[in-house]
S.K.: 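Mind having a look at this structure? Questions to follow.
So that the names make sense, note that chain A is the first sequence line, chain B the second, and so on, each numbered from 1. Note: hydrogens, waters and symmetry copies are ignored here, and every other heavy atom, side chains too, is used.
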Number of protein chains: 2
Amino acid sequence: MEMSTRLTAAAERLFDRHGYMATGMDRLIAVAGMSSRTLYKHAGSKAQLMARVLNERDRRFMARLEVQSVDALFAALEDWVRVEGARGCLFLRSRAETGGETPEIAEAVAIHKAAFHRRIEEVVAVNLGREDPELAEQVLVLLEGATHAAVYRGAEAVSAARAAAAILIERAQT
Amino acid sequence: MEMSTRLTAAAERLFDRHGYMATGMDRLIAVAGMSSRTLYKHAGSKAQLMARVLNERDRRFMARLEVQSVDALFAALEDWVRVEGARGCLFLRSRAETGGETPEIAEAVAIHKAAFHRRIEEVVAVNLGREDPELAEQVLVLLEGATHAAVYRGAEAVSAARAAAAILIERAQT
DNA sequence: TGAAAAGTAAAACGAACGTTTTACATTGAT
DNA sequence: ATCAATGTAAAACGTTCGTTTTACTTTTCA
C-alpha cells in the first residue's frame with residue numbers, strides 16, 4: 001500500500017476516534033507503521049496532515065451526497081453512520097479543538113461546509129422543482145442535528161431526522 | 001470575587017473558546033489571576049476542572065429550558081446563542097476531544113445529555129397534552145442541529161429550526 | 001494575640017510534545 | 001554498475017505539558 005494512503009488513513013482513524021490534539025505523533029507513527037522521517041516527508045506537519053485528512057474526508061462524504069432527493073440525503077447519512085460510526089462532525093470538531101487558530105484546518109472546514117450547504121440547496125431545488133433556501137436551511141439543520149444527536153442517541157436520531165424532513169418536504173410540495 | 005468562581009469562569013471561557021486540550025494550565029493560571037498552587041487546591045486536576053465546568057454549564061443551560069412549550073425551547077436557544085455565541089456543544093466537544101477516555105468528563109456529558117433528552121420529552125408532553133417520544137426525538141435533533149449549524153450558518157440556523165419545529169408540532173396537534 | 005487557613009511567586013518535576021537529524025539499508029531506473 | 005530516491009531506526013532538539021514543592025506573606029477569627 002502507498003505510504004501516503006496508509007498515513008492519511010491512520011491519521012483519520014486516530015484523529016477521529018481519540019481527538020486531534022490528544023493524538024501524539026508517536027502513536028501515529030506506530031499505527032501508520034513508518035518512521036517519523038517518512039511521515040514528515042509526506043505530512044509536512046501535524047496541522048497539514050489534519051488538513052489533508054479533512055480534504056480527503058470531504059471527497060468521500062460529498063461523493064455520497066450526489067443524490068436527487070432530500071430523502072436520499074438522509075439515507076446516505078444512515079449509511080455513513082452505519083459504516084463510520086457516530087462521533088460528531090470531524091470538521092467542526094477539529095476547528096473547535098484548535099480554536100479556529102490553525103489556518104490550514106480552518107480553511108478546509110470552511111470549504112467543506114460551504115460545499116455542504118450548496119449541495120443541500122441543489123438537492124432541495126431538484127427535489128422541489130424550485131429553489132427554497134429556507135427549506136434547505138431546515139434540511140441542513142436536520143442533517144447536522146442527526147450527525148450530532150447520533151453520538152448519544154444512536155441511529156434512531158437519523159431516522160427521526162429523516163421522518164421530519166419528509167414532513168417538511170411534503171408540506172412544501174403542495 | 002470567590003476564588004472558585006473566578007477559576008471556573010476562566011476555565012469555561014478558555015476551554016470553550018480555544019479547546020480543552022489546547023488550553024494550557026499556565027494560560028489558565030494567568031487568566032484566572034491566581035497561583036498554580038491555589039488553582040490546584042480548588043481544581044484538583046485539569047480533568048476535574050473540566051468536569052466542574054460542565055456541571056456548572058449544565059445548571060445554567062438547563063435552567064433556561066424550564067419552559068412550557070417547544071417553541072419556547074427554541075426561543076431559549078436563540079437567547080443562549082445571542083449571549084454565549086455559537087461554538088457547538090461544549091459537552092460533545094469535550095468528550096470528543098478526550099476520546100471518551102476521561103471518566104470525569106464522559107460522566108458529566110452523559111448526565112447532561114440524559115437530562116437534556118428527558119427535559120425535551122417533558123416539554124413535548126406538556127405542549128401536546130400527551131407523550132410523543134418520536135416527536136421529542138425530532139425536536140432534540142433540531143435543537144442539536146441548530147446548535148451546531150449556528151457555528152457556520154449563524155443565528156439563521158436557530159430560527160430555521162424553530163420554524164421546522166412549529167410545523168412538526170402543529171401537525172402532531174391535530 | 002496568635003495559630004490555622006489561604007494566599008503568592010517561582011523553581012522544579014519528569015514526561016510528552018512536534019520536529020529534525022544522524023547514520024545506514026534498500027530499491028529502481030539509466 | 002551506479003546514482004538518486006526512498007525507506008528505516010533511533011537519538012536528540014528545545015519546548016511545553018500537567019503537577020508538586022519550597023519558602024514566604026497575608027487574612028481570618030476564636
S.K.: If you check the B:T38 side chain, which of D:dG18, C:dG7, C:dG18 turns out closest?
M.R.: C:dG7
S.K.: For B:L49 and D:dT19, what is the distance between atoms CG and P respectively, to the nearest whole Å?
M.R.: 10 Å
S.K.: Under a 4.5 Å cut-off applied to non-hydrogen side-chain atoms, are A:Q138 and A:V141 in contact?
M.R.: no
S.K.: By nearest atom, which of the nucleotides C:dT21, D:dG18, C:dG18 is closest to the B:K46 side chain?
M.R.: D:dG18
S.K.: Once you round to the nearest 0.5 Å, how far does OG1 of B:T23 lie from CE of A:M21?
M.R.: 9.0 Å
S.K.: From the options D:dA10, C:dT22, D:dT21, select the nucleotide whose nearest atom is closest to the side chain of B:R37.
M.R.: D:dT21
S.K.: Would you say C:dA10 has OP1 or OP2 under 4.0 Å from some side-chain N or O of B:S35?
M.R.: no
S.K.: Considering only side-chain heavy atoms of B:H42, which listed nucleotide, C:dA23, C:dG7, C:dT8, is closest?
M.R.: C:dG7
S.K.: Rounded to the nearest 0.5 Å, how far apart are CG of B:L39 and CZ of B:R6?
M.R.: 10.5 Å
S.K.: With a 3.5 Å distance limit and no angle check, can you tell me whether B:R95 reaches the backbone of B:V109 through a side-chain donor-acceptor pair?
M.R.: no
S.K.: Find which nucleotide of DNA chain D each of B:A47 and A:M3 is nearest to by heavy atoms, and output the residue with the more 5' nucleotide.
M.R.: A:M3
S.K.: In whole angstroms, how far is the P atom of D:dT16 from the CE atom of B:M21?
M.R.: 19 Å
S.K.: Is B:G33 touching bases, backbone alone, or none of the nucleic acid, heavy atoms closer than 4.0 Å?
M.R.: sugar-phosphate
S.K.: Can you tell which of C:dA6, D:dT19, D:dG7 lies closest to the side chain of B:K41?
M.R.: C:dA6
S.K.: Please state how far atom CZ in A:R27 lies from atom P in C:dA16, giving the value in whole angstrom units.
M.R.: 13 Å
S.K.: Of the candidate nucleotides C:dT21, D:dT8, D:dT19, which contains the atom at the shortest distance from the side chain of B:S45?
M.R.: D:dT19
S.K.: For A:S36 and for A:A22, locate the closest nucleotide of DNA chain C by heavy-atom distance; then report the residue assigned to the nucleotide nearer the 5' terminus.
M.R.: A:A22
